[in-house]
Amino acid sequence: MWCWRRMLRIPWTAKRTNVSILAQLGVSVRLSSICYQRLLSYFGHIMRRGNDSLEKIIVTGNTEGKRPRGRSPTRWADQLKKSNSDRFYQIAKMASNRSRWRQFTNAKLRYHQDHDLQS
Ligand SMILES: *[C@@H]1O[C@H](CO)[C@@H](O)[C@H](O)[C@H]1NC(C)=O
Ligand SMILES: *[C@@H]1O[C@H](CO)[C@@H](O)[C@H](O)[C@H]1NC(C)=O
């Protein structure tokens, strides 16, 4: 949903339900391969930025203090980190190497597409 919102340029402060966004897109809930690819490449893009990049700080969650209520773009990163912080760190580190990240995302996309075809 974060990806769809970004693609439609809906600010996370906008009070839009996921259902209304999906209706606008006219898509199924399942993340499309295109969206998944964009998500991965966008993540890599951010991770290759300097450590003072605001977007990188937001995604890696190196922020102190209060966080606004409601859904924010950090949610998916939070979930990833919560489920396994070592894995998040490794993925973030991997994304900083462009050619390594491309190998990783290509493998992920092949897997994703294979599973899309089956369903
Ligand atoms: C950014 O931070 C990471 C993790 O703390 C560190 O490994 C890396 O060297 C830093 N990069 C720069 C350009 O300062
Ligand atoms: C980046 O990844 C490539 C491909 O996996 C590897 O050959 C290369 O040594 C890596 N570069 C650095 C700086 O780690």
Side-chain angles (χ1 to χ4, degrees):
M1 284 314 300
W2 175 84
C3 185
W4 293 128
R5 280 172 188 264
R6 274 211 66 99
M7 285 171 71
L8 290 176
R9 303 194 181 282
I10 297 168
W12 60 268
T13 49
K15 298 224 184 305
R16 287 285 303 273
T17 65
N18 289 345
V19 171
S20 82
I21 289 163
L22 288 169
Q24 185 181 339
L25 284 157
V27 295
S28 72
V29 175
R30 191 172 172 80
L31 200 64
S32 80
S33 290
I34 291 165
C35 187
Y36 191 60
Q37 189 201 343
R38 288 193 184 177
L39 180 71
L40 291 172
S41 100
Y42 183 67
F43 182 78
H45 209 70
I46 288 172
M47 288 305 126
R48 288 190 297 274
R49 288 195 181 166
N51 285 346
D52 55 357
S53 153
L54 183 59
E55 269 173 310
K56 186 168 175 180
I57 290 166
I58 289 167
V59 169
T60 55
N62 294 331
T63 48
E64 303 283 330
K66 285 186 213 142
R67 171 171 300 175
R69 291 167 76 85
R71 291 181 182 277
S72 81
T74 65
R75 281 293 180 84
W76 63 274
D78 281 350
Q79 282 163 6
L80 197 58
K81 278 187 284 188
K82 207 175 284 174
S83 63
N84 194 329
S85 63
D86 281 351
R87 181 108 181 105
F88 181 81
Y89 179 74
Q90 280 165 16
I91 287 170
K93 209 171 132 188
M94 195 193 293
S96 65
N97 180 337
R98 186 192 289 271
S99 62
R100 180 77 192 88
W101 187 244
R102 185 155 295 157
Q103 287 173 356
F104 176 78
T105 57
N106 285 344
K108 279 279 177 205
L109 285 169
R110 270 195 301 276
Y111 180 84
H112 193 78
Q113 277 157 4
D114 287 350
H115 285 250
D116 259 354
L117 292 173
Q118 280 165 19
S119 59

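Just the heavy atoms: all of them, side chains too, but no hydrogens, waters or symmetry mates, feed the values below.
- To the nearest 0.5 Å, atoms CZ (Phe104) and CD (Gln90) are separated by 10.0 Å.
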Could you walk me through whether Phe43 and Thr105 pass side chain to side chain contact (heavy atoms under 4.5 Å, CB included), step by step?
CA-CA 11 Å; Phe43 182 78; Thr105 57; over 6 Å; no
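- Side-chain N or O atoms of Lys56 include one that pairs as donor or acceptor with a backbone N or O of Met47 at under 3.5 Å.
- Checked by atom type and distance alone, the side chain of Ser53 never pairs as donor or acceptor with a backbone atom of Arg49 at under 3.5 Å.
- A distance of 11.5 Å separates CG in Leu109 from CZ in Arg102, rounded to the nearest 0.5 Å.
- If you check the side chains of Ser99 and Asn97, you find a donor sitting under 3.5 Å from an acceptor.
- Within a 6.0 Å radius of CZ in Arg98, other residues, nucleotides and ligands contribute 12 heavy atoms or fewer.
- Shown here is Arg48, whose CZ atom has more than 12 heavy atoms of other residues, nucleotides or ligands within 6.0 Å.
- Taken from CD1 in Ile91 to NZ in Lys108, the straight-line distance is 7.0 Å, to the nearest 0.5 Å.
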